[in-house]
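Written below as structure tokens is the structure these notes are about.
Computed from heavy atoms alone, side chains included, the values below leave out hydrogens, waters and symmetry copies. Proteins get letters first, then strands, A, B, ... in listed order; numbering begins at 1 in each. Just so it is clear, the structure is predicted and the values come from calculations on it, not from any experiment.
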Protein chains: 2
Amino acid sequence: MPPAQVIPLHAEPALFNPQTRICAECGVRKFALLGVVDLAELDRVHTHISSIKLSPGQSLYSAQAPGLAAFTLRSGIVRLERTSERGERRILRLAGASDLVGMEAMLGQTYAADAVACTDVEVCRLPRSLIEELARQQPELPLNLMKRWQSALDDADEWMTELCAGAARHRMLRLLLKLTEYAEGDRVWLPSRQEMSAMLDMTIETASRLVSQLKREGVLDTPDQRHAVIHNDALMAALRSDSLST
Amino acid sequence: MPPAQVIPLHAEPALFNPQTRICAECGVRKFALLGVVDLAELDRVHTHISSIKLSPGQSLYSAQAPGLAAFTLRSGIVRLERTSERGERRILRLAGASDLVGMEAMLGQTYAADAVACTDVEVCRLPRSLIEELARQQPELPLNLMKRWQSALDDADEWMTELCAGAARHRMLRLLLKLTEYAEGDRVWLPSRQEMSAMLDMTIETASRLVSQLKREGVLDTPDQRHAVIHNDALMAALRSDSLST
DNA sequence: CGCACAGTTGAGACTCATCAAACCACGTGG
DNA sequence: CCACGTGGTTTGATGAGTCTCAACTGTGCG
């Protein structure tokens, strides 16, 4: 018998409560935390998933707040940020479609960072109790969670090595490269200069100058304020020539 | 009946194989991953822990190598580092006594970074199969592992916000503060200028100049090349006045 | 239309990297 | 024992890269 998720939806409509339906149709489900859980099981569980939409600038959760749920990103980009001891905001990393954020909630801890929407965002809220209930029937779930922790750590490490070190121009080029990973088409989300400066530890002015310069060099175009088309070959060439000069 | 670990060692010596004995006497055991596992159980398991000693500069494991074991640090300091795309070495963070490194091995992944001893180091090697075997009898173990992943992530985030941003002098002061966390007495391990520059993304010369300056200001003394006495009040004062000027 | 705010651009100041030289601690071999 | 080389550290002089301050431009919105 085939697993539940490949049964055509009209076959047993009575099985699914409204939210489970949404899950069934979700484009990122198979890449997400609960991708291994079958829908029938999800339907049976008491605590429920809820969908949340956010506009740019809205907060998903805040550092120090009690963590009651983790969140799977269905679309859009979320930034994780912190304020340093001296009161400056620093963007730690980005999360995109199918990423899981706020995992610390699964441990009963407070959130470790602020999560803020960069674009329009759709997330699914996964309460702690839901994960715990599912984990009892699904021993793979904790393993999947651990893998996600490790990959968050990998992201943090990569961000650190590639986006935190070297000349400003080089960091900006690496950022553009990273942004292409979150593209949902040929256009890429282009952060505000403020966001760039918080990601790359530079001033708004320097970020602006670099973007302008790279536009002149044909590395990117900006059809509108918040989007860019990045020309990959020009970007790569810029990155390469930049490494040589060092 | 009291748990095994509080029974005086001479009571049932026959129970313990040689390595388990070492565990019983280990100073960091109760803070370490296997602190929750009782010794009798540890004794029964087939795969065994082994002790390893390293001198400064020796490698514990290398990035990309197949991860066969995680390691609990019993003493000393280990640095986790990576080389960036442009070929520069970057120190990501430090690990000290009772920390667990190389957790990615528990997921069957290759190591994500190089781990290198900064000081004389003693570690316990925990093979993957050992952890898996123990996890079967000890359901708390995976939870403990997850907590350690989260705290590694917290460390990475803190390193990022405090040690990767701001003026060189400020980053150096934050580093000194961080080093006090790893102190095993009143003396602190003082990294080589090379290591400092790889941690703080600055040149060796700048690191050297800053250390000299801070010595002149009475923030630290260096009884020998690799150790420092850090004067906490002077350090704090320096950090504060440094924040004000920004 | 005009206000608010993000982004751009310029000029000057300052930080930090670079290059170069000297210094020091150490171990080696004469 | 000392001369010597080696590798890490310190210090200086100079210039490139960024920050700061300031003015200006563009964009969206009441």
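In terms of the ring pair (Phe, Tyr, Trp, His ring centres under 6.0 Å) criterion, A:Tyr182 has no residue partners (sequence neighbours excluded). Shown here are the side chain to side chain donor-acceptor pair (under 3.5 Å) partners of B:Asp157, two or more places apart in sequence or in another chain: A:Arg93. Qualifying side-chain contact (heavy atoms from CB on, under 4.5 Å) partners for A:Ser62, counting only residues two or more places apart in sequence or in other chains: A:Ser59, A:Asp114. Residues passing the side-chain contact (heavy atoms from CB on, under 4.5 Å) test with B:Asp120 are B:Ser55, B:Pro56, sequence neighbours excluded. In this view, A:Arg209 and A:Glu205 satisfy the side-chain contact (heavy atoms from CB on, under 4.5 Å) rule, not counting sequence neighbours.
Taking side-chain N and O atoms only, B:Thr203 has no distance below 4.0 Å to OP1 or OP2 of C:dC16.
Using a 4.0 Å cutoff on non-hydrogen atoms, no part of residues 188-198 of chain B comes near DNA chain C. Of the residues in residues 173-180 of chain B, not one comes within less than 4.0 Å of DNA chain D through any heavy atom.
A:Leu214 places its CG atom 16 Å from the P atom of C:dG7, with the value rounded to the nearest Å. Atom NE2 of A:His170 and atom C1' of D:dT18 are 17 Å apart (whole Å). B:Met202 places its CE atom 15 Å from the C1' atom of D:dT18, with the value rounded to the nearest Å. For the pair A:Asp201 CG and D:dT18 C1', the interatomic distance rounds to 11 Å; values are reported in whole Å. Computed from coordinates, the A:Asp224 CG to C:dA6 P distance equals 17 Å when rounded to whole Å.
Taking CZ from B:Arg79 and OG1 from B:Thr119, the interatomic distance works out to 11.0 Å, rounded to the nearest 0.5 Å. In this structure, CG in A:Asp201 is found 7.5 Å from CZ in B:Arg171, a value given to the nearest 0.5 Å.
Residues A:Ser84 and B:Glu162 bring no donor and acceptor atom of their side chains to less than 3.5 Å of each other. Residues A:Thr72 and A:Arg29 have side chains that never bring a donor and an acceptor to within less than 3.5 angstrom of each other.
Using a 4.0 Å heavy-atom cutoff across all strands shown, B:Arg171 reaches no nucleic acid atom at all.
Under a 4.0 Å N-O distance rule, the pair B:Arg169/B:Asp242 qualifies as a salt bridge. For the pair A:Glu158 and B:Arg82, the salt-bridge criterion is not met [side-chain N within less than 4.0 Å of a carboxylate O].
The shortest side-chain heavy-atom distance between A:Arg187 and A:Asp224 falls under the 4.5 Å cut-off. Put simply, the side chain of B:Pro127 reaches to within 4.5 Å of the side chain of B:Leu130, judged on heavy atoms.
The backbone N or O of A:Met199 lies less than 3.5 Å from a partner atom in the side chain of A:Arg90, making a donor-acceptor pair. The main-chain N or O of B:Gln225 is never found under 3.5 Å from a side-chain atom of B:Thr222 such that the two would form a donor-acceptor pair.
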(Q) Please evaluate residues B:Ser51 and B:Arg74 with respect to the criterion side-chain hydrogen bond (donor to acceptor under 3.5 Å, both in side chains), reporting the C-alpha separation (whole Å), side-chain torsions for both, the decisive distance (0.1 Å), and the verdict. (A) CA-CA 9 Å; B:Ser51 280; B:Arg74 290 172 56 200; 3.2 Å; yes
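The side-chain contact (heavy atoms from CB on, under 4.5 Å) test with B:Cys124 is passed by exactly one of B:Val28, B:Leu100, B:Ile49: B:Ile49.
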Are there any protein N/O atoms within less than 3.5 Å of an N/O atom in nucleotides 9-15 of chain C, and if so, which ones and at what distance?
residue	atom	partner	partner atom	Å
C:dT9	OP2	A:Ser212	OG	3.1
C:dG10	N7	A:Arg209	NH1	2.8
C:dG10	O6	A:Arg209	NH2	3.1

Anything under 3.5 Å between a protein N or O and an N or O of nucleotides 14-16 of chain D, put it in a table, one pair a line.
none

Table of protein N/O atoms under 3.5 Å from nucleotides 21-25 of chain C N/O atoms:
none

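Each end of the helix from C:dC1-D:dG30 to C:dG30-D:dC1 gets its own rotation axis from five pairs of C1' atoms, and the angle between them is 20° to the nearest 10 degrees.
Evaluation of the ring pair (Phe, Tyr, Trp, His ring centres under 6.0 Å) test over residues 49-93 of chain A, restricted to residues two or more places apart or in two chains, returns A:Tyr61-A:Phe71, A:Tyr61-A:Tyr111.
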